[in-house]
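Okay, structure first, notes after.
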Amino acid sequence: MTTLEGLPAVRRLTAWEPTRLESLAGEYETPLYVLDLDRVRENARRLESAFPDAEILYAVKANALSDALETLHEAGIGLECASAGELSRALVVTDSGADVHYTAVNPPAGDLDIAVEAWEAYPELTITAGAEDTIDRLEERGYDGRLCLRVNPGIGAGHHEKVQTGANAKFGVPAERAVDVLADAADRGFDVVGIHAHVGSGVSSDQLDAHREFVSRMGELARSVTAAVGDLEFVDIGGGFGVPYREADAPLDLEAVAEATREAVGDVDAQLTIEPGRYFVADAGVLLTEVNTVKDARETTLVGVDAGMTTLLRPAMYDAYHPIRNLTADTEADSSDGDRSRGTTAQTITGPICESGDVFCTDRELPESERGDLLAIGNAGAYGYEMANQYNSRPRPASVVIEDGTVRLARRRETIDDVTSVERES
Ligand SMILES: *Cc1c(COP(=O)(O)O)cnc(C)c1O
């Protein structure tokens, strides 16, 4: 696998130092999210080196932790926001707002109010509209700033139907209407700067043809818009750069994706913009969780842990695979006095939530778990904490970050009082 700038194409769960993670769990307790900002920075460098001429934004919804946004901003990466909350976070980090895009998806009125207010303070901000209604509603609020149109290219990609957005009518204006909509917006005084599409989260080396097809449609559309409406500043092809969740999956060949993208977009007099989320943060994060129950059930060995679907939702929501490692068993095996070696057995690892879908893996062959063992769940840096919730009145976990090799608490663990206090505010 080619490495860009000599940096590894992926950081596997096996590459994390188990004793280090054990000491973090000892200090900050479990469940605990760990995000290595040094790896986030490496991923930024790898993307910049594969796409040297592109504008690169980070899709904040993958992991909105302030430390992640600051790290990426320092690395020269812009911020793509999908809500007023994400936009508010981005504005804390940005200098001029020029590197901030707000993508409005059926935006609630309050979100548009906040976005327009943000534009008044940061006039270089870009707003991406995905429906003509959104353009009307921006106009009603006096907005005539930088406008990008999200189009629906009628082509989808993704590892699960819930992450395919290109062919889903929810997202964007049908591509064949784009020229008319943008011509009208330009007439109404908007500063038309770009077109945008994000077709889901599944750009992979073996789906490069689908990626090429999508990007060439975007190139085509950019040429039509330029001819009919005027110059565009950028063509944004979204994110969706895949990461290998399974140990046996090969990492994305980023250079091949970049080359296919350059070829497919064709001759366009506008900058290419990409906005991956997952790719920056997924392999920079792990979730630590402790075993509290081991039960021989008829069908399998059930292993209960203190993280659940409220902590990491992806397995329950997308049937997502995450690598899992028993750190206690690994350090035992490494230690010189470790004369005991554990066998492996098929285990179903499940959390404390009263839902049968609260399962991290089913019948996975792992070292025999014991109560008190520390497990690490890999590739948890993207859509991990972001999708955590308080179902079952369960407080969300803490997050620590590693930067220049040192650790700090980035977000404290919620308490039960945090969960209930909003009910007693008056
Ligand atoms: C979610 C999203 C992204 C990022 O997707 P990844 O799979 O995390 O790369 C980019 N752009 C838009 C508009 C999105 O909604």
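Scope of the values below: all heavy atoms of this structure, side chains included, with no hydrogens, waters or symmetry mates. Whatever order the structure lists them in is the order used to number ligands and atoms, beginning at 1. Note that the coordinates shown come from a computational prediction; the quantities given were computed from them, not determined experimentally.
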>> Could you tell me, atom by atom, which parts of ligand 1 come under 4.0 Å of a heavy atom of Pro276?
In response: 9 (O)
> Any idea which part of Tyr383 is under 4.0 Å from ligand 1, heavy-atom wise: side chain, backbone, both or neither?
Replying inline: side chain
>> Would Tyr279 and Leu47 count as a side chain to side chain contact (heavy atoms under 4.5 Å, CB included) here? Give the steps.
In response: CA-CA 9 Å; Tyr279 200 83; Leu47 280 161; 3.8 Å; yes
> Under 3.5 Å, N or O to N or O, is Thr103 touching ligand 1 that way?
Replying inline: no
>> Can you confirm whether the side chains of Asp206 and Ser204 place a donor and an acceptor under 3.5 Å from each other?
In response: yes
>> Test your reading of the structure: does Gly239 have an N or O sitting under 3.5 Å from an N or O of ligand 1?
In response: no
> Taking atom OG1 of Thr344 and atom CG of Leu366, what is their separation to the nearest 0.5 Å?
Replying inline: 8.0 Å
>> Between ligand 1 and Gly240, is the shortest N or O to N or O distance under 3.5 Å?
In response: yes
>> List ligand 1 atoms under 4.0 Å from Ala59, heavy atoms only on the residue side.
In response: 3 (C), 4 (C), 10 (C)
> Looking at Arg262 and Glu259, does any basic side-chain N land under 4.0 Å from a carboxylate oxygen?
Replying inline: no
>> I need the atoms of ligand 1 closer than 4.0 Å to a non-hydrogen atom of His196, numbered in the order shown.
In response: 13 (C)
>> Under 4.0 Å from a heavy atom of Arg150: which atoms of ligand 1 are those, numbered in the order shown and with their elements?
In response: 13 (C)
> So, for Thr126 and Cys148, which heavy atoms are closest and what is the spacing to 0.1 Å?
Replying inline: CG2-CB, 4.0 Å
> Does any N/O atom on Lys61 come nearer than 3.5 Å to any N/O atom on ligand 1?
Replying inline: yes
> Within 45° of the axis and under 6.0 Å from the centre of the six-membered ring of Tyr245, does NZ or CZ of Arg314 qualify?
Replying inline: yes
>> Distance to the ring centre below 6.0 angstrom and angle to the axis at most 45 degrees; does that hold for Arg278 and Phe241?
In response: no
> Among His198, Glu80, Arg278, which residue places a heavy atom closest to atom 3 (C) of ligand 1?
Replying inline: His198
>> Checking side-chain polar atoms at under 3.5 Å, does Asp306 have a donor or acceptor matched by the opposite partner on Thr289?
In response: yes
> Backbone or side chain, does any N or O of Glu275 fall under 3.5 Å from an N or O of ligand 1?
Replying inline: yes
>> Please tell me whether Glu365 and Gln347 have a donor and an acceptor in their side chains that are separated by less than 3.5 angstrom.
In response: no
> Looking at Gly277, which atoms of ligand 1 are within less than 4.0 Å of one of its heavy atoms?
Replying inline: 4 (C), 6 (P), 8 (O), 9 (O)
>> With a 4.0 Å cut-off on heavy atoms, is Ala82 in contact with ligand 1?
In response: no
